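Notes follow once the structure below has been shown.
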Protein chains: 2
Amino acid sequence: MLRLRSYLEGTWSEGEGVPATLHDPSTEEPLAEIRAAASLAGAVAYARERGGPALRSLSFAERGQLLLGLSKLLHESRDELIELALRNGGNTRQDAKFDIDGAIGALVHYAELGTKLGASRVLLDGEPDAIGRSPRLVGRHVLVPRSGVAVFVNAFNFPAWGFAEKAACALLAGMPVLTKPATATALVAHRIFERMAERRALPEGTFQLLLGPVGDLFDHLDGQDVLAFTGSSGTGARLKGDPRLVGRSVRVNLEADSLNAAVLGPDAGPASATFKMMATDVVRDMTQKTGQKCTAIRRVLVPADRLDDLRAALCERLETVATGHPAAAGVTMGPLATRDQLADVRAGLARLRAEAKSVFGGDGSIEPVGVPAGTGFFFGPVLLECDRSSEPTVVHQLEVFGPVATLLPYDGTTAAAAASVRRGGGGLVASVYSDDRDVVAEVIAGIAPYHGRIFVGSEKIADKSAGPGTVPPALVHGGPGRAGAGEELGGVRGLALYQQRVALQGDRAILEAVAARL
Amino acid sequence: MLRLRSYLEGTWSEGEGVPATLHDPSTEEPLAEIRAAASLAGAVAYARERGGPALRSLSFAERGQLLLGLSKLLHESRDELIELALRNGGNTRQDAKFDIDGAIGALVHYAELGTKLGASRVLLDGEPDAIGRSPRLVGRHVLVPRSGVAVFVNAFNFPAWGFAEKAACALLAGMPVLTKPATATALVAHRIFERMAERRALPEGTFQLLLGPVGDLFDHLDGQDVLAFTGSSGTGARLKGDPRLVGRSVRVNLEADSLNAAVLGPDAGPASATFKMMATDVVRDMTQKTGQKCTAIRRVLVPADRLDDLRAALCERLETVATGHPAAAGVTMGPLATRDQLADVRAGLARLRAEAKSVFGGDGSIEPVGVPAGTGFFFGPVLLECDRSSEPTVVHQLEVFGPVATLLPYDGTTAAAAASVRRGGGGLVASVYSDDRDVVAEVIAGIAPYHGRIFVGSEKIADKSAGPGTVPPALVHGGPGRAGAGEELGGVRGLALYQQRVALQGDRAILEAVAARL
């Protein structure tokens, strides 16, 4: 069987010990094995001593060119990566493109930002300001690259994009990266690294791939390093509270669970473009990547008098979903990524059904297209619905990471909608579908501090948007509370995680000379 | 004996249980008692339900006016607060003024910022940008106040400024505050709150005072709350890793230990203004607040061929220090704040002396002016010196929080100076004293990612600066690694800790209307 290798310290190594096996989630066929790496002390030192200096010697424009090269490499490898995503991730071609094109888009965005930031190597943050009585004595802020390594612990659902969006920010900021993809779906990231290594796409020491467990990695991190994690709240909290990371002030960024809500405004009637846009967005989020998207809409808030209309619109769209082997003709939704995910989704759905009834898809059991019955980790789309006789709890707290969403009728007031959204305890993205500016403003005012991003669906952009589930690299991604309180992307804001802001204070002329030399 | 009271939920309460006693550190006389508050669930709810909405309904300009009123209140109470700082903190009048005027300065700075930010209630972060092919579909970022409570756990050394600098940022951002001063020196903060409550200086629920232990406070915090801590690395790490705070994504900011370094450039000869400025700054930092300043210079890097000159200049200045009861005539340095601090400083000095010799002040024993021998927590200034025969370790790692600094000769190259500074593992502030722009730029390039602030001392500002030990509110305060990886102040940057950044995405015209209504 194929043995995947980590790329550490400039060489490929198979690792040691008992292997973990990667499967095709459609057929359950074993595809490859991963073994744990030995000590990671050398990899951390390699990044710090080789990768960091190499990147820091480059200008933003030069770093941007590296990202552009990387985007081209992904583009050239696109068909091959789509094929791997289909086999190892159960992705349909559309799903695989979403991941890979997302990766390319993020790289291109930050490549362009690099060009814009130009010949400098550090970011000036504001102008020099007099800070005393004398105009000579000034202060100014600069953002400099941290001198450690940026470690990524990525989720299984976006092996390409999850790596690329983090790497784009870190590399442009001037930090070398060491990325650990989720074991179950590592084939795509592994192949990307093979191509990068073949092509020497980046300077030595700036890109390392760790497959398998993190091992002793955290023993070697310190206050100049960054750990960026995407995954479950539970794992995230364990990492964030790890005494080694806390004790040495390793900067940790989490992107975790999120019960993303979508609110239909009371103004949007069933014939409106805004209503239809919402229905399309909800079903896209339920089924794209088989609902395995951290930004997917999970809670669908609808004015009680529109409940029947919206349910009908969603069910009509869900009827057209064909679940099965992603290579089989007509299939629009693949399996869940792993057997564990399937078990989690089943268990989670059972908990949701204690307070919400299934109005589409029953318990998720289906007969998949293109594989023998009982094979693969398939789960059909399920739409749940709460009635207003009792306030649900689990629906606001448990993220079921699959093709599942819940209709929650509300009384049509913005106050009630906002209060219900807030019960999610903080999320990555919420959305409001309305053409009434007061409605939109009131909902946003009520939920803004609980979210990293708010998407407004409306008539004029109904055919121009990819919906709330797609993260544009220009906008921040992350959310407070349950979502982990992290922040990534957002254009130049995304570099901050990998930079240290430092205030310089002194004689104006000297600081000007220093800024020109940094 | 005087019983200090917490100000919670709009009323004063004495608390319960076994009291802690506050002392005059000069005479050891007991001054007051503090008892633990009962459950803090009510105080947290009071801030969220009363204080938050009251502040969020105000514009930045109006919040700024509140801060201006607070600064005037402190100014009116200045003499009384100085007297309390002298008795409860062992502060000289100059030390007390440094704390209280620092508080006033921070409040005025943020009051003026409020005026500048004007009639809006949320901060726009950049302009709307097209994020798709259509110019109608845009994204923009706004910073909104978090809807929880800002909790401050403050250090004993700055009872006024420590509260005011955090409160200025939180209140201007729109968050109510609950502050817990260090028990040992709580008299000043307590009196400030008495005056605030008498005058109703701020809206109900926006200012609460917790004396004594934190009790069950952390049980009631969630992802909309903020904990800002100033104190030791050990306590800071314990707070940051607290499973209740990690698990609910409470935003935690630490400002902790720091081995602040000062580097004398090889160009600055003993007759230069720059050399003399550094000598003055080092001695000010050793003795101001009896060295109990998180920003004080602890490591003094000097080119080996200037060691004799700098030692002589420092000793000459240290000779003029008179340690004793701060009310006694001629005294320029008071006692340490507590018996525990005295024990810590003695123990720490003993550890430093294992690798550095004392060249001024021996082991810190002195006969204080104005009190009977053996009374009070006095400790004289001690200057240590390492030789270059072996590289010290403890000197770079152990912050002795008293009037102690260590001379570290280096070879005169900027590379060696920067490497030595970096051994501190991250600090609040470093300083470079040089008029050679290459020297300054090289040192800064070598140490910038390890610091929150870098002060450049030079001839032209030698008589215009308060030195690196004073934190200007316009510049960020905090540092990576050992310093806790936090960030406060920095003008408008200081509001970010108390805000949530949210990306809004949608039709340009709708987002414009929304931004105008927020």
Side-chain angles (χ1 to χ4, degrees), chain A residues 129 131-132 134 136-137 139 141 144-147 222-224 237 240-241 243 246-249 251 425-426 437 440-441 444-445 448-449 451-458 460-461 464-465 472 474-476 480-482 484-485 487 490 500-507 510-511 513-514 517-518, chain B residues 129 131-132 134 136-137 139 141 144-147 222-224 237 240-241 243 246-249 251 425-426 437 440-441 444-445 448-449 451-458 460-461 464-465 472 474-476 480-482 484-485 487 490 500-507 510-511 513-514 517-518:
Chain A
D129 281 322
I131 52 167
S134 160
R136 283 207 85 102
L137 181 62
H141 294 84
V144 300
R146 295 162 75 83
S147 68
D222 72 21
Q224 289 294 313
K240 196 170 178 179
V246 171
R248 289 195 297 270
S249 294
R251 199 181 273 187
R437 291 161 191 209
V440 175
I444 289 180
H451 294 88
R453 184 162 57 91
I454 299 177
F455 175 93
V456 182
S458 64
K460 295 278 175 54
I461 58 156
K464 294 179 176 65
S465 134
L475 303 186
V476 295
R482 190 187 309 282
E487 188 181 272
Q500 172 66 34
R501 177 147 50 194
V502 56
L504 304 180
Q505 179 184 7
D507 178 78
I510 292 181
L511 293 197
V514 167
R517 283 167 170 82
L518 284 177
Chain B
D129 281 321
I131 51 167
S134 160
R136 282 206 85 102
L137 182 60
H141 294 85
V144 300
R146 294 161 75 83
S147 70
D222 72 21
Q224 289 294 314
K240 196 169 177 179
V246 171
R248 288 194 296 270
S249 294
R251 198 181 275 187
R437 291 161 192 210
V440 174
I444 289 180
H451 294 88
R453 184 163 57 92
I454 299 177
F455 176 92
V456 182
S458 64
K460 295 277 175 54
I461 59 155
K464 293 178 176 64
S465 135
L475 302 187
V476 295
R482 191 188 307 284
E487 187 180 274
Q500 171 66 34
R501 176 146 52 193
V502 56
L504 305 180
Q505 178 183 6
D507 177 79
I510 292 181
L511 293 196
V514 167
R517 283 166 168 82
L518 285 177

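Only a predicted model underlies this, so the values are computations on that prediction, with no experimental measurement involved. The analysis underlying the following values was restricted to heavy atoms, covering all of them including side chains, and did not include hydrogens, waters or symmetry mates. Order of the sequence lines sets the chain letters (A, B, ...), proteins ahead of strands, with each chain counted from 1.
Put simply, of A:Val144, A:Leu475, A:Leu504, A:Asp222, the one with the most heavy-atom pairs under 4.5 Å next to chain B is A:Leu475. The most heavy-atom pairs under 4.5 Å with chain B, out of A:Lys460, A:Gln224, A:Arg482, come from A:Gln224. Per-residue counts of heavy-atom pairs under 4.5 Å with chain A were compared for B:Val440, B:Ile131, B:Val476, B:Leu137; the largest is that of B:Val476. No other option in B:Gly139, B:Gly247, B:Gly223, B:Ser249 has as many heavy-atom pairs under 4.5 Å with chain A as B:Ser249. Per-residue counts of heavy-atom pairs under 4.5 Å with chain B were compared for A:Ala513, A:Gly506, A:Pro449; the largest is that of A:Pro449. Of the residues considered (B:Ile444, B:Val246, B:Val514, B:Val502), B:Val502 shows the highest number of contacts with chain A, using heavy-atom pairs under 4.5 Å. Highest contact tally toward chain B, considering only A:Pro472, A:Gly452, A:Ser458, is held by A:Gly452 [criterion: heavy-atom pairs under 4.5 Å]. Put simply, of A:Arg251, A:Arg437, A:Glu487, A:Arg146, the one with the most heavy-atom pairs under 4.5 Å next to chain B is A:Arg437. Most heavy-atom pairs under 4.5 Å with chain B: of the set A:Arg248, A:Lys240, A:Arg136, this distinction falls to A:Arg136. Put simply, of B:Gly490, B:Pro480, B:Ala474, B:Ala485, the one with the most heavy-atom pairs under 4.5 Å next to chain A is B:Pro480.
Residue contact with chain B, scored on non-hydrogen atoms closer than 4.5 Å, involves the backbone of A:Pro145 exclusively. For A:Asp129, no part lies near chain B; criterion is any non-hydrogen pair under 4.5 Å. If you measure heavy-atom distances from A:Leu518 to chain B, the contacts under 4.5 Å come from the side chain alone.
Side-chain N or O atoms of B:Gln500 include none that pairs as donor or acceptor with a backbone N or O of A:Ala448 at under 3.5 Å.
Residue A:Ser465 holds its OG atom at 11.0 Å from CG of B:Asp507, rounded to the nearest 0.5 Å.
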